[in-house]
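Letters A, B, ... are given to chains in the order of the sequence lines, protein chains preceding strands, and every chain is numbered from 1.
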Amino acid sequence: MKKEISKAYNPQEVEDRIYKKWEESDFFNPDSLELPEDAEKFSISMPPPNATGVLHLGHASMLAYQDLMIRYNRMQGKNTLWLPGTDHASIATQTKVEKIIAEKGQTKYDLGREKFLERVNEYVENSKNTIRNQTKKMGSSCDWERERYTLDDGLSRAVREVFVKMYNDELIYRGDRIVNWCPRCESTLADDEVEHKDQKANLYYFKYDKDFPITIATTRPETKLGDTAVAVNPKDERYQKYIGQVFEIDLGNGAHQIKIIADREVEMEFGTGALGVTPAHSMTDWEMAEKNDLEKIKIIGEDGKMNANAGVDYEGLTVLEAREKFVKYLEENNLIEKVEEMDQSLSICYRCDTPIEPLPSKQWFVAVDRKITIEGNKYFQNKSLKEVALEVVKNQEIKIIPERFEKTYFNWMENLHDWCISRQLWFGHRIPVWYKTEVGSEMEAIYFNEEVIFQKLNIVNESEFNKFSWKLNEENKNVLWASRKKGEIQLGRQYINLLKEKDFFNEDWVQENKLKRKNKESEYFVGEKPSEDFGWIQDPDTLDTWFSSGLWTFSTLLDQDHEKYKTFEDWVVNSTDLKNFHPTSVMETGYDILFFWVARMILMTTYTLGEAPFENVYLHGMVRDKQGKKMSKSLGNGIDPIEMIEKYGTDALRLSMIIGSSPGNDIKMYEEKIEGYRNFVNKLWNISRYILMSVDNDKKTKFPIGNLVSGGDLTLADKWILGKMKKLIHDITEDLDNYRFSQAGEKLKEFTWDKLADWYLETSKFEKDGDKEIILLKILQDLLKLSHPFIPFVTEHIWQEIGNEKFIMIEKWPEEEDYRVLGLNEAEEYTVNKVHDIIRKIRNARIEYNVEINRKIDAIIYAGNDYELIKNEGILIKNLRTGIDKLEIKEGGEKIKNATYLVVGDNIEVYLLGMVDKEKEKKNLEKEIENIEKYIDQVKRKLDNQQFVQNAPVEIIKKEREKYQESMTKLEKLKKKLVSLDS
RNA sequence: GGGCGCUUAGCUCAGUUGGCUAGAGCAUCUCGUUUACACCGAGAGGGUCGGGGGUUCGAAUCCCUCAGCGCCCACCA
């Protein structure tokens, strides 16, 4: 029975249906695989795409790589888990939603924190859906039952637990330091979230006032309103005499003290060699101020506008307005010496490109240099986070592929400063810190006598007070707090303001009745919400998104039913997935987030669990367009993966990302490439189609290849393809084990197209002896298995067409062992190569002589000392598109006139009868002679070189000698023929 | 200012530890619908492996240097 199958493979009809079947089988979930207890583990945490919008080609390439690894290892019989998920990506997502509501003219403040977060969550749900569907489109065999999201309940608890743990270990602290501030996001940024953009800027040379002796140079004149020093190089003779002096200046905003300090960082060649020090608004200056104990005047506020410290003339102006105004002031007072244009790298926010304003602020930091000892943690024995993170890569506990990125990693890690983790964003993990009092801030507490308050509010007891406050709180989310203790009531500043608005209080009353008690400098509580109802307000800030993604490899594997575990330790110890799958086997991600993410996971995981988050890091490159430009919406050069899938199929898209790319190097993507792999997929489809159409259905069952051995009569071609298959299995396995995905893919393609289709299938059309059908089926099935991790859909589809009941997805990886005794021996190998050479030479000659394939010719071959080997292979030579009618193979004989003469190797002479063109033949012979003479000359020079003969390994010398002999014999033959042509 | 990478056929790229006359795909050209496939088959042309120097019997491969391109890091105000 033969089967009808469509001529061209149509992925659109197949892919979604197959994915659904896979999902229904539940085999993406390792628990369904029914593996032996001792099965080796293989796990990958999918880098969670940001919960903003859609997947792009970069995601597609990451999914292709990871699914390749996952499917390969699953077929190897490993306990294989690929855990998918999404990242809330606080700053990116919040920015996105802010933009959306801005279209309706709204800001987040219009909505309020709660409403705004509802809006964000709605958006995120949507994106998560899109991402999930697109990930499925790529054929990803990840376990959707274990899908996670960084804001899941369990993952959020992990975040709080780790925060508290780090706080208790004094690795997290609150510091008042200069930070990168994005005025648009109204939030801090970590150092590596700041990007730099080259631009032209004006460098202004001026003096603070007429009496000031030193001219300074700056690109940001407006910040000079907050200067407290001028720094010069200690070696600079021009300014030696001033060092240590203090000058009084007035910039029109009140008197300043300016101290002249010396610092080696100052370059004498730049500007005037004198630097105006603005401690509060420049990273460098901050450090100088710290060293020299200078006053730090904050003149720019969090809104990016000048504040009161800048003086009444400037207060409320934007930075740029202030600059203009201040420059005008300088001009009017004749203080400007000159203005130069210069190149400057401007710091901008990596999410919204807004220029960064460095300013001092009270924030939470992770101490990366503090050495600690943790009991039961093999890494942390008087070591810092940084030291451990360096160590695990240095001692190869974590391997980075390609290796050169280790250097980049070390360089970055060595220069890492304390990591600012608090963000003034609404969306994200709220910092698990509760404050009581905070002098001078919105949270400042004011103490009253309980009775006085009760009376004023017309309340009789505590319960009523609670109710009152609760109601007020309901109406005004997150702004109020009050606390009651031993007859005293503390009210937050905002609480009081509200009461004033409602006409319960006025300021005079507050002043009269407040208890004279000092607030503690800053009292706070770190951990889960304190049990007392009043008096504690949670830090309004959220955590850097990388804090939670730093926990990703393990927070996702923790038992999500976390409430049953009282302590974190309990939770960790009793989570089975964590035990089974962590450390993960490979972290596959783009090199662009090596620092953002990979480094952070290493920091956080070694600390929290005392183990590495992963064993290997595989870094892929960025996907670029044909010109090598980054794909982006604004350039309009982006390729939509979904569109490509619809046009060419997922398998083709996957191959186009994997073949031709190497780790750490960018990959150029364009449609023609995908088209090429679509053709390949179709080729495989047609190979299968041919085999299935020519083989009886009942033979399509499983069979042991051992039958072939006992059956015995394999032809040369059979042994040849079986031997190639054996090598293919070996090579692909080795390549995949060593992350050489591109190479493996290329070999697969080469075998399929060049070996199987072009030679063996063609042979099978006329050579019917041997167990052709069984061989074809065996080869096909193993080829499908080897190809499955690369092109899962088409292989699964064909697999089902063959009539296999199990999914190919969970089939066992092919065994080299199956082909153990089936290859060619040396003589046979030699023979096949010779036969192929003869065939190629004849094909070549036919085309050269313009003899179309339909015109049959006759041929006589003098095989010389290869006669015994090739005498029976005439059938191949005749039928493999050589267009030969009668063929004779002899050991040797008379020269034949009126025939086209070819020499194959050094010994085989071929006469083609019925196609003669003396001129052409002469030309060809001459050209061939010229080539071979050149070659002989090269080889001879090598062999004449005494140094070579003395030093080179024997095999190499032997090879060279053989080459020489062969070429000489061949040359002789060709020359003889040429002479006879002339005669 | 540091660090890294790239430069091989017209284009996109392979080329493991130095050792077959440096490979593949696309494009170009020639020929071709003999029981899968025109998303195809058979062939051809095309490269001083960025330049220079060195190590070596031998270099696309290792070292130095120069040039071009790209990326990352850095507080040049």
> Step by step, would you call A/Phe766 with A/Leu876 a side chain to side chain contact (heavy atoms under 4.5 Å, CB included)?
Replying inline: CA-CA 9 Å; A/Phe766 55 83; A/Leu876 296 174; 4.0 Å; yes

>> side chain to side chain contact (heavy atoms under 4.5 Å, CB included) for A/Tyr690 and A/Lys765? Distances and angles first, verdict last.
In response: CA-CA 10 Å; A/Tyr690 172 73; A/Lys765 285 178 185 171; 3.1 Å; yes

>> Walk me through whether A/Asp754 and A/Lys749 qualify under salt bridge (Lys or Arg N to Asp or Glu O under 4.0 Å).
In response: CA-CA 8 Å; A/Asp754 300 351; A/Lys749 189 174 166 201; over 6 Å; no

>> Walk me through whether A/Tyr760 and A/Phe751 qualify under ring-ring contact (aromatic ring centres under 6.0 Å, His included).
In response: CA-CA 10 Å; A/Tyr760 190 70; A/Phe751 175 88; 9.5 Å; no

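Salt bridge status for A/Asp192 with A/Arg600: present, with a side-chain N to carboxylate O gap under 4.0 Å. Salt bridge absent: A/Lys841 and A/Asp837 never bring a charged side-chain N and a carboxylate O closer than 4.0 Å.
In this structure, the CZ atom of A/Phe596 is 12 Å from the C1' atom of B/C73, given to the nearest Å. In this structure, A/Trp759 places its CH2 atom 21 Å from P of B/C37, rounding to the nearest Å. In this structure, the NZ atom of A/Lys856 is 11 Å from the P atom of B/U34, given to the nearest Å. Residue A/Lys970 contributes atom NZ, which lies 12 Å from atom C1' of B/U21 at whole-angstrom precision. Atom CG in A/Asp735 sits about 15 Å away from atom P in B/A14, given to the nearest Å. Atom CZ of A/Arg881 is separated from atom C1' of B/U33 by 11 Å (rounded to the nearest Å). Straight-line distance from the NZ atom of A/Lys959 to the P atom of B/G18: 15 Å, rounded to whole Å. Rounded to an integer number of Å, the gap from CD1 of A/Ile639 to C1' of B/U12 is 13 Å.
If you check B/C69 for Watson-Crick or wobble pairing at under 3.5 angstrom, you find it paired to B/G5. Base pairing of B/A36: no nucleotide in any strand meets the Watson-Crick or G-U wobble criterion (both distances under 3.5 Å). With a cut-off of 3.5 Å on both pairing distances, the Watson-Crick or G-U wobble partner of B/C11 is B/G25. Base-pair partner of B/C57: B/G19 (Watson-Crick or G-U wobble, both distances under 3.5 Å). Pair check for B/G45 finds none; no Watson-Crick or G-U wobble contact set falls under 3.5 Å.
Of the candidate nucleotides B/C37, B/G43, B/A77, B/A77 has the atom nearest to the side chain of A/Leu275. Listed candidates were B/C57, B/C75, B/U16. Nearest to the side chain of A/Phe948 is B/C57. Residue A/Lys927 has its side chain nearest to B/G45 when only B/G45, B/C57, B/U12 are considered. The side chain of A/Ile847 lies closest to B/G43, out of B/U35, B/G43, B/C57. Taking only side-chain atoms of A/Arg404, from C-beta outward, the nucleotide of B/G5, B/C75, B/A77 with the closest atom is B/G5. Minimum atom distance to the side chain of A/Asn411 is reached by B/C73, of the listed B/G5, B/A77, B/C73. Set against B/A77, B/C4, B/C39, the side chain of A/Asn682 has B/C39 as its closest nucleotide. Looking at the side chain of A/Phe595, the nearest of the listed nucleotides B/U34, B/C73, B/C76 is B/C73. Considering only side-chain atoms of A/Pro953, the nucleotide from B/G19, B/A36, B/C72 that sits closest is B/G19. Ranking B/A36, B/A77, B/U12 by closeness to the A/Glu267 side chain, first place goes to B/A77.
When heavy atoms are screened at a 4.0 angstrom cut-off, A/Arg843 is found touching the sugar-phosphate backbone but no base atom. Within the 4.0 angstrom heavy-atom criterion, only backbone atoms of the sugar-phosphate kind lie near A/Lys668; the bases stay farther away. Nucleic acid contact for A/Tyr670: sugar-phosphate only, since backbone atoms but no base atoms lie under 4.0 Å from a heavy atom of the residue. A/Glu265 comes within 4.0 angstrom of a base, heavy atoms only. A/Thr218 comes within 4.0 angstrom of sugar-phosphate atoms only, judged by non-hydrogen atoms across all strands, and of no base. Within 4.0 Å (heavy atoms only), A/Arg220 reaches no atom of the nucleic acid at all. Residue A/Lys942 is classed as having no contact, given no heavy-atom separation below 4.0 Å to the nucleic acid. As judged by a 4.0 angstrom heavy-atom cut-off over every strand, A/Glu762 is placed among the base-contacting residues. Looking at heavy-atom distances under 4.0 Å, A/Ala231 makes no contact with the nucleic acid at all. Among the heavy atoms of the strands lying under 4.0 Å from A/Ser662 are primed sugar atoms or P, OP1, OP2 only; no base atom is included. Backbone-only engagement by A/Asp758 is indicated by non-hydrogen atom pairs under 4.0 Å involving sugar-phosphate atoms exclusively.
Looking at A/Met268 and A/Arg238, their side chains come closer than 4.5 Å, going by heavy atoms from C-beta outward.
Judged by distance alone, with hydrogens and angles left aside, A/Lys683 brings a side-chain donor or acceptor within reach of the base of B/C37, the pair sitting under 3.5 Å.
Between the C1' atoms of B/A60 and B/A22, the separation comes to 8 Å (whole Å). Separating the C1' atom of B/U8 from that of B/C49 is a span of 4 Å, rounded to the nearest Å. When the C1' atom is compared between B/U56 and B/U12, the two are found 34 Å apart, to the nearest whole Å.
Between A/Lys7 and B/C37 there is a side-chain polar atom (N or O) within less than 4.0 angstrom of OP1 or OP2.
In this structure, A/Trp286 has its ring center no closer than 6.0 Å to that of A/His281.
Ring geometry for A/Tyr9 against A/His797 counts as tilted: the plane angle lies between 30° and 60°, on a 0 to 90° scale.
Between A/Gln938 and A/Tyr9, the one whose closest nucleotide on RNA chain B sits nearer the 5' end is A/Gln938. Across the interface with RNA chain B, nearest-nucleotide mapping of A/Gly273 and A/Glu675 shows A/Glu675 to be the residue nearer the 5′ end.
Applying the 5.5 angstrom centroid cut-off and the 30 degree plane-angle cut-off, the aromatic ring of A/Tyr935 is stacked upon the base of B/U21.
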